[in-house]
Amino acid sequence: MTSSASPAVSTGSGVPAVRAAAPPAPAGHAQPAPARPTRTSAARAALRRRLEGTPGRLRVLALLTAGACLVFGLAAGQAFNATDGALARAEANTAQLVRIQALHTNLVKADANATNAFLVGGIEPASTRADYDNAIGQASRLVAEAARAQPADGRALSALNAQLVTYTGLVEQARANNRQGLPLGAQYLRNASAGLRAEALPIVNALVTANQLRVRAELDNAAGASAWMLVGLLSLVVLVFGMVWLARRTHRYLNLPMVAATVAVLLTFIVGALVLGGVRGQVADVRDGPYAATLATARARIAGFDAKSNESLTLIARGSGSTFETAWKASSGVVQAQARQAAGHSSRAGGLSDPWAHYARIHASIRAVDDAGRWDDAVAIATGSGANTSNAAFDAFDTASSRALTAVGRDTADGLSAPRPYLPFAGAFGLLVGLLGALACWWGVSKRLEEYR
């Protein structure tokens, strides 16, 4: 007969103690089943087993070295492709800058022709009128071209086009009054020139500044390869560490696949650094040479045409044009300074000082004749076309500066485009080396891993 009492347990004092029985489970409630492992916990456990011991460390080494090669390949490809893109954008922005400066030149050239033609009185010379119409036409065409080439300049160019329409309207009013001998024409012309300088040219100057900043930023991007070189060094450190660790662990000093991958990465790193260093040097040469000469030559041309316009405005004012003469002297100083700078940056822009000095001497003779009270003779020197006239001397400067600007502009474009044909291939090659290096590292470590199976 079985007893239902709880078993006695000795307390150590001789008195038996009674252990209470566990309360019976309520009816209808089953005992909880042990928890089954989830997929996540099972995967974690399997991963821990694969990373345990020397085989696990070998797997980590394979991932680490293969990843280093892949990162190297991606960094090399990105470095070469980014350099190529920066050079392309620098070339495009330089072309836009030259286009804006040509627009600026045509605006002041048109004003110089308009004011010079106004001095003749009545119907202006056909050649001068043709030069004015050509300059205005070129300016309008360049506005449209610049808007298509750089959408970021569109709003400013639209405002400039509106100012151009206002300017040409005032010039036509001045011309109509001048043909009838009405003195009101001179005021219209002064208003047109003043509006051009106060409203239109500041817009052009802002566009020049914006495009100069774009060019400078892209040249800096093209010259910067330090980030890629740092990635290359880190990849080489990882690969060397992997070979040393593997040699010490397996007592085999050379793992040929890993050695091949390391040598390939090292050679690609050295050649890539030399190539990008050459690009950086070439960019510096372009920046300090033909590009700087292009900017200086364009500024000299703009200031020259501005001076020529002020020369005519001084005569139009008939004895009260001291302000315009002061402006002429300021522009002449800019021409001389920029001509020296252009010659210092490129020998192909070194022929501007002499033509300008010749024109400046004739301008001084105009001022001397006018100040002596011989206004008609001064006008004849300013508007004539003979050997010792202002127009002939200025045409020589115009021709020399235009030729120089074309030459240094072409040198700038050629210098920026010269490295570009091989940069995409270099980027693809760097990426290929990274991929093959990753496969070689994985293969080399896998051969040692098989020895533990």
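What you see is a predicted model, and the numbers here were worked out from it, not measured in a lab.
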Who are the ring-ring contact (aromatic ring centres under 6.0 Å, His included) partners of Trp328, not counting sequence neighbours? His363
Partners of His104 by ring-ring contact (aromatic ring centres under 6.0 Å, His included), sequence neighbours excluded? none
Show the atom names and distances, to 0.1 Å, of all donor-acceptor pairs under 3.5 Å that link a side chain in residues 414-435 to residues at least two apart or in another chain.
residue	atom	partner	partner atom	Å
Ser417	OG	Ala413	O	2.9
Ser417	OG	Asp414	O	3.3
Arg420	NE	Asp84	OD1	2.9

Among all residues two or more places apart in sequence or in another chain, which pass the ring-ring contact (aromatic ring centres under 6.0 Å, His included) test with Tyr188? none
Can you list, pair by pair, the side-chain donor-acceptor contacts under 3.5 Å of residues 65-82, counting residues two or more places apart and other chains?
residue	atom	partner	partner atom	Å
Thr65	OG1	Leu61	O	2.8
Thr65	OG1	Ala62	O	3.3
Asn81	ND2	Gly77	O	3.0

Who are the ring-ring contact (aromatic ring centres under 6.0 Å, His included) partners of Tyr359, not counting sequence neighbours? Trp356, Phe394
Please, which pairs that meet salt bridge (Lys or Arg N to Asp or Glu O under 4.0 Å) have at least one residue in residues 108-119, sequence neighbours excluded? Lys109-Asp398, Asp111-Arg197
Under 3.5 Å, side chain of Asn391 to main-chain N/O of Thr383, donor-acceptor pair present? yes
Tell me, do Leu97 and Val208 make a side-chain contact under 4.5 Å, heavy atoms counted? yes
Applying side-chain hydrogen bond (donor to acceptor under 3.5 Å, both in side chains), can you list everything that pairs with Asn255, at least two apart in sequence or on another chain? none
Side-chain donor-acceptor contact under 3.5 Å, Asp153 with Gln96: yes
Can you pull out every salt bridge (Lys or Arg N to Asp or Glu O under 4.0 Å) where at least one residue sits in residues 310-320? Sequence neighbours excluded, please. Lys308-Glu311
Write out all pairs satisfying salt bridge (Lys or Arg N to Asp or Glu O under 4.0 Å) with one or both partners inside residues 374-390, taking only residues at least two apart or from two chains. Arg374-Asp377
What salt bridge (Lys or Arg N to Asp or Glu O under 4.0 Å) pairs are there with at least one residue in residues 286-298, not counting sequence neighbours? Asp220-Arg287
Ala337: side chain to side chain contact (heavy atoms under 4.5 Å, CB included) partners, not counting sequence neighbours: Arg340
